[in-house]
There are 2 protein chains.
Amino acid sequence: MVVKAHASTLDEVARLAGVSKATASRAINGRSKVSAKAQAAVLDAVRELGYTPNGAARSLVMQRTGSVAVILPESDERVFSDPFFARMLHAVARALRERDLQLVLLLAQPGDESRMLLYLRGRYVDGAIVASHHRDDRLAEHLSDLGLPCVFIGTPWLGADRVSVVDSDNAGAAAQAVRVLVESGRRRIAAIAGPRDMRAGHDRLAGWRQELEAAGLDSSRVAYGDFTEHSGTTACAELLDADGDIDGIFAASDLMALGAMRELEARGLRVPDDVAIVGYDDLGVAERTQPPLTTLRNPIGQMVTEAVRLLTETIDQGGRGAPRHVVFVPELVRRDTV
Amino acid sequence: MVVKAHASTLDEVARLAGVSKATASRAINGRSKVSAKAQAAVLDAVRELGYTPNGAARSLVMQRTGSVAVILPESDERVFSDPFFARMLHAVARALRERDLQLVLLLAQPGDESRMLLYLRGRYVDGAIVASHHRDDRLAEHLSDLGLPCVFIGTPWLGADRVSVVDSDNAGAAAQAVRVLVESGRRRIAAIAGPRDMRAGHDRLAGWRQELEAAGLDSSRVAYGDFTEHSGTTACAELLDADGDIDGIFAASDLMALGAMRELEARGLRVPDDVAIVGYDDLGVAERTQPPLTTLRNPIGQMVTEAVRLLTETIDQGGRGAPRHVVFVPELVRRDTV
DNA sequence: TTGAAAGCGATACCAT
DNA sequence: ATGGTATCGCTTTCAA
């Protein structure tokens, strides 16, 4: 490959191969019939020149960029501390790779989403997946206005009816957790909830409360965390200080469950003998706690696969088509903490 | 704003405003003089149509995309567990924002960097910052071949002379750590090293060894970790099992230092009375250990600022200019573990 | 099968 | 200050 000052153009390739731009283009993209001879000549020229199509030019005429954005409307600390995102991105990357799409990650600082919006309106990507873990700043409305194909993972607080959404049944799963605890004979069941301004936190708490009330049990034992291990420890201490009689805990994340278990251990309380506990997520930590944690498996893989499917479908339809909503049901994973 | 099926073009804006495309473009970009009247008419039309310039078209003629890539040639688990990346991306995002550039994050799965390379060759970005935390797959050579402006944070194993690099003096810093330990009277100093295939891991160990030998001390007490807390615990146990007399430890990351401290505590060894310890990074954990950790501050902020400066400079020069190397010196942060 | 030419949607030069 | 027009690099009719 020759070292060149600037990237080579299709024109140069065509000239070197002794054919027209049209033929060169066809040979490269392989969509149309080209004589074996021309084919070879073009490919040689491409190699010789180290040619790669100019993305801007190609996008301009094709009205396609071949890349989709994943938008994380979160502070970077959150993004880089919650295993949820790692798992999700991993799945997204895989799904997009299969469809030959490039993943472009857009970190939207909570305040300055304007520049990201500008980027999206510039049509630098064909579509977007928004992991709306957080109460977001009208992102759903903005994207909907924009007319850019998009799918939300997790229901946004605002404008959920205007965009496609893939979610899991957080409330139903929490109810399931409560049922397991009740079946094992627990009666004084507390919740370590997630942040109130996050959909998942909100819905899981609601499910816990509803199921508890349906069972005629007290639903006043609540402490809030932020999904981190440390906050789980603090919340658990708070709970125990207020009421030493607690015999069951539902934690809205495995990390918080882990933190809670540390606190229980520090106080000499045994799991599950003295206090049973159910977590949420099953992203790896759950298997490694001592004892292994009973939890709800957040179906991230399924959600992502479906999200990418919906998105590419929408893109292929040229952005037309009504928003669609899909909900997956988390599965209870029985281990040894109940 | 009118809801439209497709994004509007400059042509439509111009027509609605009753001016030519040229004038409309000038009014929008504000580079050239436009009469107040035309200005207003165009801006109104823009608002009315919800117009945003088409990125592809603009890039094509400007030969600029207004976005730069940050490439992380790492598995996503690593990226999302090591606080180094969070801190770095935070700094990059800030620096780019100041220059009105869009950050595009490219996660290069260790195996499949080809599609990312294709993206880069397509000139979808003006330049790239590579956080080469890891032994990378000839990325420096590839990018250099490509002619795309780029800056590496951390010296790549291969082709470092062909690209610009910003790094910190890992070896020198490690030597500093050893000196502090020696000065406090320690003589049997062990190292908890990072992975051998990571530059930072390699260089820090080398610095430790060199300084120890210069002081006429034994440099055989080494255990390897992978920068995580858990690996620090394991490595520390390994070290202690092999030689109970250790009185000083240099850990190549704060996380590993933390893990080591947990192990020391579990064995009833007191820090710093029985064993002194120095970490590396100072990314937050160091302040919160018990007791607070003496460590080397990895100057991530400085490195990133410089990297972005170098990159934009290179971009502005049209990619010409020789590769440049800049090295920062980590600062010793004295706390209570020595 | 191939080539000439018409766009895609912007910017910028050159007159006016 | 403004408008006409060439241009960026590519894909895709339309004829031949």
Side-chain angles (χ1 to χ4, degrees), chain A residues 4-43 45-46 49-67 118-119 121-124 126 147 318, chain B residues 4-43 45-46 49-67 118-119 121-124 126 147 318:
Chain A
K4 309 200 55 268
H6 71 281
S8 43
T9 71
L10 183 62
D11 223 7
E12 304 178 282
V13 171
R15 213 165 325 158
L16 181 56
V19 298
S20 70
K21 285 196 310 183
T23 304
S25 174
R26 287 188 270 250
I28 289 168
N29 295 307
R31 298 212 177 293
S32 185
K33 280 138 271 282
V34 175
S35 69
K37 190 177 136 204
Q39 182 75 263
V42 171
L43 258 41
V46 165
L49 263 34
Y51 169 80
T52 313
N54 177 305
R58 180 172 241 175
S59 305
L60 184 55
V61 54
M62 308 241 294
Q63 307 283 42
R64 279 285 189 97
T65 65
S67 44
L118 209 64
Y119 185 84
R121 303 178 68 183
R123 305 273 153 175
Y124 286 97
D126 297 332
Chain B
K4 309 199 52 270
H6 71 282
S8 41
T9 71
L10 183 62
D11 224 7
E12 304 178 282
V13 171
R15 214 167 321 162
L16 181 56
V19 298
S20 71
K21 285 198 311 182
T23 303
S25 175
R26 287 188 270 252
I28 290 168
N29 295 306
R31 297 214 177 293
S32 185
K33 281 137 271 281
V34 175
S35 70
K37 189 176 137 205
Q39 181 76 260
V42 171
L43 258 42
V46 166
L49 263 37
Y51 168 81
T52 312
N54 178 305
R58 181 172 235 174
S59 304
L60 185 55
V61 55
M62 306 240 294
Q63 306 282 44
R64 279 286 188 97
T65 65
S67 44
L118 210 63
Y119 185 84
R121 303 179 69 181
R123 304 275 152 173
Y124 287 97
D126 297 332

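Just so we're clear, the structure is a prediction, and the values are computed from it rather than from any experiment. To find a chain, count down the sequence lines: A is the first, B the second, and so on, and within it residues start at 1.
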Under 4.0 Å between a side-chain N/O of B/Ser59 and OP1 or OP2 of C/dA10, yes or no?
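No, B/Ser59 has no side-chain N/O under 4.0 Å of OP1/OP2 on C/dA10.
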
Indicate whether OP1 or OP2 belonging to D/dA1 is found under 4.0 Å from a side-chain N or O atom of B/Ser32.
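False: B/Ser32 side-chain N/O out of range (4.0 Å or more) of D/dA1 OP1/OP2.
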
Can you tell me how far the [atom1] atom of [X] sits from the [atom2] atom of [Y], to the nearest 0.5 Å?
| X | Y | atom1 | atom2 | value |
| --- | --- | --- | --- | --- |
| B/Thr23 | B/Lys33 | OG1 | NZ | 14.0 Å |
| A/Arg15 | A/Lys21 | CZ | NZ | 10.0 Å |
| A/Tyr124 | A/Ser59 | OH | OG | 10.0 Å |
| B/Asn54 | A/Arg123 | CG | CZ | 8.5 Å |
| B/Tyr51 | B/Asp11 | OH | CG | 10.0 Å |

One character per nucleotide, please: for nucleotides 5-16 of chain D, 5' to 3', B when the base has a protein heavy atom closer than 4.0 Å, S when only the sugar-phosphate does, - otherwise.
---BBBBBB---

Rounded to whole angstrom units, what separation is found between the CG atom of B/Leu49 and the P atom of C/dG9?
13 Å

Within this structure, what is the CD-to-P distance between B/Glu12 and C/dC8, rounded to whole angstrom?
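Going from B/Glu12 (CD) to C/dC8 (P), I get 11 Å.
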
Do the side chain of A/Arg121 and the main chain of B/Gly50 share a donor and acceptor less than 3.5 angstrom apart?
yes

Quantify the bending of the helix from C/dT1-D/dA16 to C/dT16-D/dA1 as the angle between its end axes, each fitted on five pairs, to 10°.
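Result, rounded to 10 degrees: 40°.
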
Quick check: do A/Asn29 and A/Arg58 have side-chain heavy atoms less than 4.5 Å from each other?
yes

Correct closest heavy-atom pair for A/Leu60 and B/Ala57 would be CD1-CB, 3.7 Å

